[in-house]
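This report refers to the structure that appears directly beneath it.
Residue numbers start from 1 in every chain, and the chains themselves are labelled A, B, ... in the order their sequence lines are given, proteins ahead of strands. Keep in mind the model is a prediction, meaning the values are calculated, not measured.
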There are 2 protein chains.
Amino acid sequence: MKRTRVTLRDVARRLDVHPSTVSRVLNPRTRSMVADAMAERVMEAVEDMGYRPNPFAYSLKTNRSFIVGVLIPDITDPLFPPIIQGAERTLAGAGYTTILADTDNDPERQRVNFEIMRERQVDGLIIATARFEDPVIAEHRGGDIPMILVIRTINDPAMPCVINDDAYGIGLIVSHLAALGHRRVAHVAGPQDVSTARVRHRAFEDAMRKAGLEPDPSLIQFCCSFAEEEGRGAASDLLERGETFTAIVAANDLLAIGCLDALALFGKRCPEDVSVTGYNDMPFVDKIQPPLTTMRIPHDEMGAMAARLLLKRIEGDATAEGSISIRPELVVRASTGPVAAGKK
Amino acid sequence: MKRTRVTLRDVARRLDVHPSTVSRVLNPRTRSMVADAMAERVMEAVEDMGYRPNPFAYSLKTNRSFIVGVLIPDITDPLFPPIIQGAERTLAGAGYTTILADTDNDPERQRVNFEIMRERQVDGLIIATARFEDPVIAEHRGGDIPMILVIRTINDPAMPCVINDDAYGIGLIVSHLAALGHRRVAHVAGPQDVSTARVRHRAFEDAMRKAGLEPDPSLIQFCCSFAEEEGRGAASDLLERGETFTAIVAANDLLAIGCLDALALFGKRCPEDVSVTGYNDMPFVDKIQPPLTTMRIPHDEMGAMAARLLLKRIEGDATAEGSISIRPELVVRASTGPVAAGKK
DNA sequence: CTGAAAGCGCTAACAT
DNA sequence: ATGTTAGCGCTTTCAG
């Protein structure tokens, strides 16, 4: 039923010229090879006949797809849409189309999607699904397809990435808490196979020491994923065990929200009894009760940066900067406050 | 640098058979044409040599891309990620790849992206960007590329879509409010060029009358977009004008959140002074202050349904059901309450 | 059951 | 400045 598309040959025939002439006119790089008068006529016919180049023919010939793949662990995590948006916008501006895959936080699905994208001959890959030790990425490192990581990085400092400076951010948070008089600070850590969670955990301990506070191992809870329920569970454990603390540094906002839930469940007030901090400043954390103190990261900008870096590499600029680390910004809201007089 | 891929011919040469034999083995539909023994040998070589079919060659030949385009108005609106996820998952399961475009709520960008997808020869389109009168969609209606709308529909009942039953949902909300004793109910309506906003507005007036309450035109405020600031502005206008009302039906959650802001700004308490309702039950509206009464829509399921319907159509099932309308579910939280004694 | 041949629509070397 | 030729990797008649 598909009414057959207008081809290059159709246009050529109508003008009684050779297809390659038409091709040359259409390609900016070869456009100068053809006489202006001819070019004019060609453009007119192209316009008139509604000619659209066939991308498959082009790609088959040139091995360039003008498609970039984006791998996301979970698109319903509010962290990722801005990244996708930033990347997609930049990519579209450069004439690239974005293909999206949601790996559902599953390494196996990541592998499969990686494979699919390879088969589809994407010109490059933006990856937000990296685990710290990631065989799939390691395997393709140095392969023929340019890749860049966003948000999460891997166990290899040479791998190009756009991340935020987690150590710096956690440092800011701990200082903020210390300045408010907190000494017993708990940490609800994220899944340690993800770089952000891992770095934040290390940074938490370092920053505590730097603030003259020995981190107490019994105040550190590890979560299996960056999910609200995990945060709720972790904080509940702390509370159930009867640990004493006046603040919780959660590894991200979702975890922090879970902590808030647990606090409410146990009849603790935030920030009067326990202060809580998040990380990411994701949408609407300023609307929750209490509004969350957190670290702001320019996610859309990071998506755009990743896309730009990738494009440079795709376009063969070997001198393109390797990686970018962004300094996040502390946003103080009502979930943190001074330690109550009696609790110091 | 691209090490040249293994082709069908390479495999054929190694086995000393004709490329078409290999092709036949690989294609399920023609697989039966070749002897089992031969097929076995072929599969082995394919495996062994790591052969991957070239999708461009395939598509060039067959005019099938196994790509579906998804058009989204704004991926950072929490409404859409679940839809994308549901669709992408279903599509991936059927061997299709998803290409994503964010039109930024801009009709012009919608047109451009539509065009790009056409050029890319997507096998089908899932569209969440429809405006009620949408020339771009109308133009391609009946064209050669299957399309299905999600969430928002157009001015043409015959157009296949997966939507929720807005009239039913608004009816539930108005009944809920009426049962709580509200008589002066305001409506913060969405952009009237979008079907959801339009239907919700009509349904609001109808439901009010059905509840024996004449809708007061001075209590209806129109917004230009489904954005928080718009909701804030609309509610502020109502309040500034000194209108009297005890409840606001907002056309969606984002607008409702804006209303909540405005109420707080004007020193009104929710729900004691004014009840507020949203629509969508987007993530985290249960965490805001006060937790929002709203309508729940199974967004991910709708994305999946849209994908399934589209696939049927792509695969040439003309008898595929046309459209689906889902009944949403009222979720009562703390943003609605009985009218205060003195205000009735 | 397998081979031969043609061609999808385009680009790029090579010729003129 | 334009035309010629070949071929990207695959599917699909048509023969045998």
Just wondering, do A:M43 and A:L26 contact through their side chains at under 4.5 Å, heavy atoms? yes
Candidates D:dT12, D:dT2, C:dC10 - which lies nearest the side chain of A:A57: C:dC10
Between D:dT11 atom C1' and B:F56 atom CZ, what is the distance in whole Å? 17 Å
Length of the CZ-P vector between A:R31 and C:dA12, whole Å: 17 Å
Would you mind reporting whether B:V112 and B:E108 have side-chain heavy atoms less than 4.5 Å apart? yes
So which nucleotide from C:dT2, D:dT4, D:dT2 ends up closest to the side chain of B:M38? C:dT2
Rounded to the nearest Å, what distance is computed from the NE2 atom of residue A:H18 to the P atom of nucleotide C:dC10? 13 Å
Provide, to the nearest angstrom, the distance between the CE atom belonging to B:M33 and the P atom belonging to D:dT11. 13 Å
Spell out, as yes or no, whether a donor-acceptor pair under 3.5 Å connects the side chain of A:R120 to the backbone of B:P55. no
To the nearest angstrom, the CD-P distance between B:E119 and C:dC10 comes to 12 Å
With a 4.0 Å limit, can you tell me whether B:T30 has a side-chain N or O closer than that to the phosphate oxygens OP1/OP2 of D:dT11? no
Has the side chain of A:R52 got a donor or acceptor that lies under 3.5 Å from a partner of the other kind on the base of C:dG9? no
How many Å lie between NZ on B:K61 and C1' on C:dG7, as a whole number? 5 Å
Return the nearest nucleotide to the side chain of A:T21; candidates are D:dG3, D:dC8, C:dG3. D:dG3
Tell me whether the side-chain N/O atoms of B:S23 come closer than 4.0 Å to OP1 or OP2 in D:dT11. yes
Which of these nucleotides, C:dT2, C:dC10, D:dG3, is closest to any side-chain atom of A:N54? C:dC10
Between B:F80 and A:P81, is any pair of side-chain heavy atoms under 4.5 Å apart? no
At 4.0 Å (heavy atoms only), tell me whether A:P19 reaches a base, stays on the sugar-phosphate, or touches nothing. nothing
Measuring to OP1 and OP2 of D:dC8, would you say a side-chain N or O of B:T7 lies under 4.0 angstrom away? no
With a sphere of 6.0 Å drawn around CD of B:E119, does it hold more than 12 non-hydrogen atoms of other residues, nucleotides or ligands? yes
Whole Å only: how far is the CZ atom of A:R41 from the C1' atom of D:dA1? 14 Å
Heavy atoms from C-beta onward define the side chain here; which of C:dT11, D:dC10, D:dC8 lies closest to that of A:Y58? C:dT11
Atom CZ of A:R9 and atom C1' of C:dC10 are separated, to the nearest Å, by 10 Å
